[in-house]
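Here's the structure we're looking at; comments come further down.
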Amino acid sequence: MIRSGGEKVHYNNNALLIKRDLLVSLIKLFLDDKLEEGIDRIPYEMTSGPNYEPIRCCVHHDRVILKIRILARLGFSVEDYADDGAPLAFHAKEARERTAISGPVLTVLDEACNACIKTQYLITNACQGCLARPCLLNCPKKAVSMNGGHAGIDKTKCINCGICLQACPYHAIIRIPVPCEEACPVGAIAKNEAGKERIDYNKCIFCGNCMRECPFGAMMDKSQILDVLMAKKRGKKISALFAPAVAGQFRGSIGKLIGALKQAGFDDVYEVALGADITAKNEAAEFTERMEKGEPFMTTSCCPAYIETVRKHIPDLKKRVSETRTPMHYTAEIAAREHPDQLRVFIGPCLAKRKEGLDDPLVDYVLTAEEIGALFLALGIDVTQAEEAAIPNPAKAGGRSFPWSGGVAEAVRRNLKDDSNFHPECVNGLNKEGLAMMKAWSEGRNTGNILEVMACPGGCAAGPMVIANPKIATNQLKKIAEESAG
């Protein structure tokens with residue numbers, strides 16, 4: 001656990017630590033007006049010292065990978081990146097001068113991709129060469145054979161059915177997955193001719209699962225932190241719109257989080273839970289209207305990865321999706337009405353929100369909890385010690401309950417005049433089971449009349465860009481919601 005902004009941060013792997021360190025280094029250089037002067041030193045400073053052990057073949061390869069990681073942190077796509085000798089300072093200048101980030105919000109770093117072998121089953125030395133030999137007898141393709149008293153698998157015959165793994169009494173057979181491909185619920189990731197992973201953006205729903213699961217950190221988001229800092233330096237005033245889940249990323253009250261964000265340079269701060277209250281109210285009214293019309297069910301609409309899933313993979317479900325806008329949009333409307341001259345920056349735990357932000361003219365930029373945590377760390381801001389700011393228009397308990405599975409449906413229920421005909425079901429994570437449930441509902445095999453869908457298991461508090469332990473964050477968020485209800 002690493003301290004960041006007064007928090008014990010849930011950095012459970014080295015790839016996330018490297019990402020944080022790169023963000024902090026870039027932010028500090030920018031704030032010191034030394035970005036172009038110092039950016040090319042970052043890969044060297046992070047790989048120097050007598051205790052540094054290369055992750056790849058040598059320190060030079062590690063530095064190349066860090067250089068490309070920095071490009072993603074500057075907001076560039078890095079697929080098929082070819083080093084033409086241009087220093088990072090050149091790209092930093094390019095990033096400073098742009099007016100908008102283009103292209104997909106996700107990118108793949110070839111140099112970091114491990115080109116993992118195709119998913120397969122492997123018989124380990126735990127094999128006892130037993131008399132029963134269930135692996136051999138149960139294999140439907142006769143791919144298992146015995147050699148010298150030890151079982152082996154013929155890869156040319158194996159169809160990866162996994163029956164041998166299930167049959168082995170010694171658990172001597174293991175499945176070796178390709179983590180990013182395994183994590184993608186819609187089959188948007190596959191290898192190219194060189195064995196490197198590629199994302200099919202016509203299929204991608206931007207859930208961020210691949211980014212969270214890749215052990216080499218090859219799947220990366222394209223940061224907008226530099227764009228926000230540049231806008232501030234140019235004299236623009238900025239409103240921060242923080243998602244309900246963000247309140248669980250930093251210890252301390254919502255008032256302290258607002259105080260910390262203002263200390264970090266945001267001119268006004270809005271709880272997106274305010275927009276969530278509007279979403280819940282509108283979805284309750286829409287649900288009532290749809291049920292009166294005799295429709296079989298309605299689904300929620302606040303998860304952008306879910307909306308992408310419907311649009312690209314289950315179009316038959318589209319007519320059942322609520323037409324209510326998301327909490328981010330409604331909060332942006334409030335901010336635009338109150339401060340029309342300010343830029344609006346959404347802060348959340350979600351990759352898909354960055355895609356939604358690009359499509360919503362009311363939202364200028366989207367930052368993640370990771371980026372805000374790095375900003376606090378770079379500025380030496382401890383949320384627990386921040387000045388308690390007033391919350392002029394506090395959100396209700398319903399809006400603050402959106403970050404966990406079941407919370408959206410409960411918020412809708414609270415806004416119904418009569419909930420006797422309210423029968424919710426939840427898709428808690430866009431995985432194979434969740435997709436199967438959505439498909440069943442689209443085909444008329446619904447088991448309720450309102451379906452809440454969240455891409456991340458556990459809800460937004462477990463998003464791909466969180467920095468707090470999801471269970472601890474959820475408990476904190478539930479406590480905040482209970483206090484709101486009281």
Side-chain angles (χ1 to χ4, degrees), residues 23 75 100-101 104-106 206-208 221-232 236-250 254 257-258 260-262 264-279 301-308 324-376 393 395 399-400 402-403 408 454-456 459-461 463-467 473 477:
L23 282 167
I101 291 179
V105 298
L106 192 61
F206 306 105
C207 62
D221 63 302
K222 290 159 57 178
S223 178
Q224 296 181 1
I225 186 69
L226 185 63
D227 302 78
V228 174
L229 294 174
M230 274 300 304
K232 186 67 179 176
K236 291 294 293 184
K237 290 192 173 183
I238 303 176
S239 293
L241 287 56
F242 70 89
V246 174
Q249 299 303 299
F250 304 96
I254 287 179
L257 176 57
I258 293 173
L261 288 167
K262 288 190 173 183
F266 293 98
D267 298 280
D268 288 279
V269 181
Y270 292 85
E271 268 195 275
V272 175
L274 286 172
D277 284 332
I278 298 172
T279 294
S301 60
C302 60
C303 175
Y306 162 60
I307 299 303
E308 286 288 308
T324 297
R325 300 297 296 267
T326 66
M328 179 177 80
H329 177 81
Y330 289 128
T331 310
E333 280 188 342
I334 295 171
R337 187 167 57 248
E338 295 184 356
H339 299 285
D341 61 323
Q342 295 187 7
L343 295 178
R344 290 166 290 279
V345 176
F346 175 83
I347 302 167
C350 177
L351 177 69
K353 279 294 180 186
R354 185 160 278 162
K355 171 65 167 62
E356 183 189 341
L358 290 175
D359 296 336
D360 191 332
L362 288 179
V363 178
D364 295 288
Y365 298 107
V366 173
L367 297 182
T368 67
E370 287 178 325
E371 289 165 336
I372 289 299
L375 180 62
F376 287 163
N393 187 16
R400 288 176 174 172
F402 269 52
V408 178
M454 290 195 176
C456 299
C460 306
M465 276 106 146
V466 298
I467 57 175
L477 290 165

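For this chain, numbers begin at 1 and follow the sequence in order.
- Residues L375 and L229 are in side-chain contact: their nearest non-hydrogen atoms beyond the backbone lie under 4.5 Å apart.
- Under the salt bridge (charged side-chain N to carboxylate O under 4.0 Å, His left out) criterion, R354 pairs with D221, E371, sequence neighbours left out.
- Between P327 and C302 there is a side-chain heavy-atom pair separated by less than 4.5 Å.
- When all heavy atoms of G357 and V366 are compared, the closest pair comes out as CA-CG2, 3.9 Å.
- Residues R344 and V363 form no side-chain contact, since every pair of their non-hydrogen atoms from C-beta on lies 4.5 Å or further apart.
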For E356 and I307, run side chain to side chain contact (heavy atoms under 4.5 Å, CB included): C-alpha distance rounded to whole Å, both residues' side-chain angles, the deciding distance at 0.1 Å, then the answer. CA-CA 10 Å; E356 183 189 341; I307 299 303; over 6 Å; no
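- For the pair F250 and I467, the minimum side-chain heavy-atom distance is below 4.5 Å.
- Note that CE of M465 is 13.5 Å distant from CD1 of I347, once rounded to the nearest 0.5 Å.
- The side chain to side chain contact (heavy atoms under 4.5 Å, CB included) test applied to I101 returns R98, K222, Q224, D227, not counting sequence neighbours.
- The two residues C460 and V466 have their closest heavy-atom pair at O-CG1, 3.9 Å.
- What you find for V246 and G348 is that their closest heavy atoms are CG2-CA, 3.7 Å.
- L343 pairs by the side chain to side chain contact (heavy atoms under 4.5 Å, CB included) definition with A231, K236, I238, D364, Y365, not counting sequence neighbours.
- Applying the salt bridge (charged side-chain N to carboxylate O under 4.0 Å, His left out) test to pairs two or more places apart or on separate chains, those with a residue in residues 268-279 are E271-R400.
- Closest heavy-atom contact between F346 and A243: CZ-CB, 3.6 Å.
- Here the side chains of L23 and S223 are in contact, with some heavy-atom distance below 4.5 Å.
- Looking at P464 and C456, their side chains come closer than 4.5 Å, going by heavy atoms from C-beta outward.
- Here the straight-line distance linking atom NE2 of H339 with atom NZ of K237 works out to 9.0 Å at 0.5 Å rounding.
- For residues 324-338, the salt bridge (charged side-chain N to carboxylate O under 4.0 Å, His left out) pairs, not counting sequence neighbours, are R325-D360.
- With rounding to the nearest 0.5 Å, the separation of CG in L261 from OG in S239 is 11.5 Å.
- Summarising the geometry of P304 relative to A352, their closest heavy-atom pair is CG-CB, 3.6 Å, with the distance given to 0.1 Å.
- In this view, I278 and N282, Y330, I334 satisfy the side chain to side chain contact (heavy atoms under 4.5 Å, CB included) rule, not counting sequence neighbours.
- The two residues L367 and I372 come nearest to each other via the heavy atoms CD1-CD1, 4.0 Å.
- The side chain to side chain contact (heavy atoms under 4.5 Å, CB included) search around T331 returns L241, Y270, V272, not counting sequence neighbours.
- Among residues two or more places apart in sequence or in another chain, the side-chain hydrogen bond (donor to acceptor under 3.5 Å, both in side chains) test is passed with D359 by K355.
- Put simply, OH on Y306 and SG on C207 are 15.0 Å apart, with the number rounded to the nearest 0.5 Å.
- Atoms CZ and CE, on F402 and M454 in that order, are 7.5 Å from each other to the nearest 0.5 Å.
- Summarising the geometry, atom CG belonging to D341 is positioned 9.0 Å from atom CG belonging to D267; distances are rounded to the nearest 0.5 Å.
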